[in-house]
There are 2 protein chains.
Amino acid sequence: MKALVVDDDRVLADVIAFTLRREGFEVILAHDGETAWRQWQAGEPNIVVLDVNLPGIDGFEVCRRIREQSDTPIILLTVRGEENDVVYGLDVGADDYVTKPFSPRQLVARARAVLRRVSQTAPQDAMQRAGGLSYDANRRELSTDDGKTHHLSPLEGRLIGYLMLNPNQILTIDTLIDHVWGPDGGDRDMLRQLIHRLRSKIEPDPAEPTYIETISGTGYGLNIPSESD
Amino acid sequence: MKALVVDDDRVLADVIAFTLRREGFEVILAHDGETAWRQWQAGEPNIVVLDVNLPGIDGFEVCRRIREQSDTPIILLTVRGEENDVVYGLDVGADDYVTKPFSPRQLVARARAVLRRVSQTAPQDAMQRAGGLSYDANRRELSTDDGKTHHLSPLEGRLIGYLMLNPNQILTIDTLIDHVWGPDGGDRDMLRQLIHRLRSKIEPDPAEPTYIETISGTGYGLNIPSESD
DNA sequence: CAGGGCCGTGACAGTTGTGTGACAAAAAAC
DNA sequence: GTTTTTTGTCACACAACTGTCACGGCCCTG
């Protein structure tokens with residue numbers, strides 16, 4: 001499930017992106033109309049979160065162009081009190097809108113509602129695979145290749161989700177902390193503990209980790225036996 | 001072609017009525033929820049134009065009641081800026097919405113579009129099936145695969161109906177609250193209680209739920225064993 | 001060999017989330 | 001009007017989740 005987030009306020013855009021990623025979306029960012037339009041053409045996303053006030057091409061115009069080519073759900077971000085924006089936005093084809101300021105949770109709920117409405121099909125198959133592992137982000141259940149499934153806590157889920165997105169790579173400690181706790185949370189102790197808890201659930205022998213490798217002084221990596229590549 | 005127009009603003013209602021009559025509709029008027037409901041039961045109209053803000057029973061409730069018994073097309077009239085109303089309105093079964101202020105011509109165009117769309121699709125009965133469960137929304141009775149039928153309360157009915165619409169998926173707490181109570185109602189305690197009551201009716205052993213699964217920190221899901229229908 | 005990072009591990013407490021029963025308020029049925 | 005059903009509120013126990021800390025082992029450097 002791919003989402004395109006467009007807002008010239010980079011901080012806000014990052015917050016939205018973080019929230020959506022945590023909910024299992026793959027997020028592309030853009031900070032102005034032209035970029036947004038190119039990004040949309042490049043990899044057609046499943047949903048667009050679009051600020052109205054943008055440098056260059058404004059949100060309405062982007063919305064109209066997208067609507068000419070596709071039914072991709074579009075959620076507009078408007079400033080409170082600009083009711084005309086909303087009316088106009090829905091007129092040019094937006095599916096829903098959220099007025100700033102809003103809570104990230106609210107936005108996610110809205111996004112899901114729109115996706116549900118537009119595509120009557122199952123909204124999200126948030127299933128990730130990597131080697132013998134498959135992770136269902138909705139249920140937070142991870143299946144190992146020995147057929148067992150383990151229920152993960154929210155943080156464990158975020159961690160394994162990010163690792164499976166970047167298998168066979170070394171991810172630095174700070175990168176991991178950022179992705180699990182966000183910009184202002186988390187320290188090394190917590191990550192160490194989280195890795196420990198995850199290992200104890202998914203490693204056949206936690207003392208000799210198969211999946212999660214430690215690179216001392218740097219970070220961790222998820223080892224996936226390379227199939228015939 | 002009979003139309004029921006409901007709006008507490010008598011002037012506006014008259015304008016709409018006039019326009020629709022000019023377009024060949026036979027129009028019945030109502031200015032509050034109770035009257036609307038009675039009028040609808042009296043002579044079942046072909047289409048309903050329904051203001052959201054009504055004295056007494058509000059538009060959502062009228063919409064829901066009508067939807068329980070029939071597929072009659074419903075167009076909601078919402079005030080611009082009340083974006084929640086739109087989302088919730090479509091959720092409880094409205095077919096389309098028009099934001100005030102609007103031009104009568106616009107309303108007529110929408111009405112025709114909806115009528116065209118609805119008449120194409122076959123009417124659906126109010127019976128839902130999912131795995132061993134079957135739910136009759138009219139009688140609000142749910143049958144489990146062990147042959148027992150349980151009478152559900154209105155809220156329980158809405159909850160199970162929504163779960164059965166999205167089986168084998170995890171629905172977030174907020175999504176469920178939105179769907180059962182609407183944009184401004186309901187909190188987590190109430191949902192917890194409702195889940196509890198529903199479980200105690202349909203689960204063979206409420207301590208070990210078969211159907212309704214809990215994902216701590218996220219929400220709930222209806223588990224249906226995938227078998228051949 | 002000593003000391004200092006770094007890491008794995010276990011234990012523990014604080015916080016939050018969840019299931020459950022009881023009860024009152026409200027609504028609906030009679 | 002009364003009675004029954006339905007719904008909201010609250011309290012409490014228990015479970016899940018997370019953060020913190022301490023200890024011991026390993027590797028490296030001096």
Side-chain angles (χ1 to χ4, degrees), chain A residues 22 105 139-142 150-160 170-174 176-177 179-182 184-221, chain B residues 33-34 37 56-58 61 64-65 68 139-142 150-160 170-174 176-177 179-182 184-221:
Chain A
R22 201 176 54 193
R105 171 182 293 176
R139 279 166 224 276
R140 289 206 310 270
E141 270 177 5
L142 184 122
H150 310 265
H151 179 73
L152 305 185
S153 82
L155 288 186
E156 289 161 2
R158 271 188 243 166
L159 178 58
I160 194 66
I170 306 308
L171 301 169
T172 68
I173 292 177
D174 291 334
L176 289 172
I177 290 176
H179 270 83
V180 175
W181 282 273
D184 299 321
D187 56 32
R188 292 168 179 236
D189 269 2
M190 286 152 65
L191 178 61
R192 215 148 39 94
Q193 192 58 22
L194 190 62
I195 289 274
H196 173 54
R197 281 169 177 148
L198 188 53
R199 274 179 175 154
S200 70
K201 284 191 181 174
I202 71 171
E203 299 282 1
D205 175 15
E208 287 291 327
T210 313
Y211 296 114
I212 302 178
E213 179 191 6
T214 303
I215 288 81
S216 186
T218 309
Y220 298 88
Chain B
E34 285 82 2
W37 177 236
I57 314 174
D58 74 356
E61 182 56 29
R64 191 182 301 119
R65 289 194 192 176
E68 278 178 5
R139 301 178 175 284
R140 284 211 310 274
E141 273 179 0
L142 182 115
H150 309 264
H151 177 72
L152 303 186
S153 80
L155 288 185
E156 288 162 2
R158 264 186 250 165
L159 179 57
I160 194 65
I170 304 308
L171 302 168
T172 67
I173 293 175
D174 292 330
L176 290 171
I177 290 176
H179 194 84
V180 174
W181 282 275
D184 301 318
D187 56 30
R188 287 159 186 246
D189 270 3
M190 287 152 65
L191 178 61
R192 213 148 38 95
Q193 193 59 23
L194 190 62
I195 289 274
H196 175 56
R197 283 169 177 148
L198 189 53
R199 272 181 177 154
S200 69
K201 285 190 182 176
I202 70 171
E203 298 281 1
D205 175 14
E208 287 291 328
T210 313
Y211 295 114
I212 302 179
E213 175 191 10
T214 303
I215 285 78
S216 181
T218 306
Y220 298 88

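By convention in this document, chain letters (A, B, ...) are assigned in the order of the sequence lines, proteins followed by strands, and residues within each chain are numbered from 1.
- Checking dA11(C), dG8(C), dG17(C) against the side-chain heavy atoms of Ser216(B) singles out dG17(C) as nearest.
- The residue among Leu194(B) and Arg192(A) whose nearest nucleotide of DNA chain D lies closer to the 5′ end is Leu194(B).
- Counting non-hydrogen atoms under 4.0 angstrom, Ile173(B) reaches the backbone sugars and phosphates but no base.
- Comment: Asp187(B) does not engage Arg192(B) in a salt bridge, judged by the lack of any side-chain N to carboxylate O separation of less than 4.0 angstrom.
- Counting any heavy atom pair closer than 4.0 Å across all strands shown, Leu191(B) reaches no nucleic acid atom.
- Both Thr218(B) and Gln193(A) sit near DNA chain C, but only Gln193(A) has its closest nucleotide nearer the 5' end.
- We find that CD of Glu213(B) is positioned 11 Å from P of dG19(C), with the value rounded to whole Å.
- Atom NE2 of His150(B) and atom C1' of dT6(D) are 18 Å apart (whole Å).
- Counting non-hydrogen atoms under 4.0 angstrom, Ser200(B) reaches nothing in the nucleic acid.
- Set against dT20(D), dT7(D), dT18(D), the side chain of Pro154(B) has dT7(D) as its closest nucleotide.
- One can place CZ of Arg158(A) at 13 Å from P of dC17(D), the figure rounded to the nearest angstrom.
- Across all non-hydrogen atoms, the minimal contact from Lys201(A) to Glu156(A) is NZ-OE1, 2.9 Å.
- Checking the phosphate oxygens (OP1, OP2) of dG17(C), no side-chain nitrogen or oxygen of Tyr220(B) falls inside 4.0 Å.
- Residue contacts shown for Leu155(A) are limited to sugar-phosphate atoms, with no base heavy atom under 4.0 Å away.
- Among Ile195(B), Leu152(B), Ile212(B), the single residue meeting the side chain to side chain contact (heavy atoms under 4.5 Å, CB included) criterion with Leu159(B) is Ile195(B).
- To the nearest angstrom, C1' of dG19(C) lies 12 Å from CD of Glu208(B).
- Atom-to-atom, NE2 of His196(B) to P of dA13(D) comes out at 17 Å; the value is rounded to the nearest Å.
- For the pair Trp181(A) CH2 and dG19(D) P, the interatomic distance rounds to 6 Å; values are reported in whole Å.
- Rounded to whole Å, atom C1' of dC12(C) lies 17 Å from atom CE of Met190(A).
- Applying the 4.0 Å criterion to OP1 and OP2 of dT6(D), one finds that His151(B) has a side-chain N or O inside that range.
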Side-chain donor-acceptor pairs of residues 214-221 of chain A under 3.5 Å, sequence neighbours excluded:
from	atom 1	to	atom 2	distance (Å)
Thr214(A)	OG1	Arg199(A)	NH2	2.6

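- A donor-acceptor contact under 3.5 Å is formed by the side chain of Arg197(B) with the base of dG8(D).
- Distance alone, capped at 3.5 Å, is enough to place a donor-acceptor pair between the Glu203(B) side chain and the Tyr211(B) backbone.
- Nearest nucleotide to the side chain of Ser153(B), out of dG19(C), dT6(D), dC7(C): dT6(D).
- Per the geometry, CG belonging to Leu159(B) stands 15 Å off P belonging to dT6(D), to the nearest Å.
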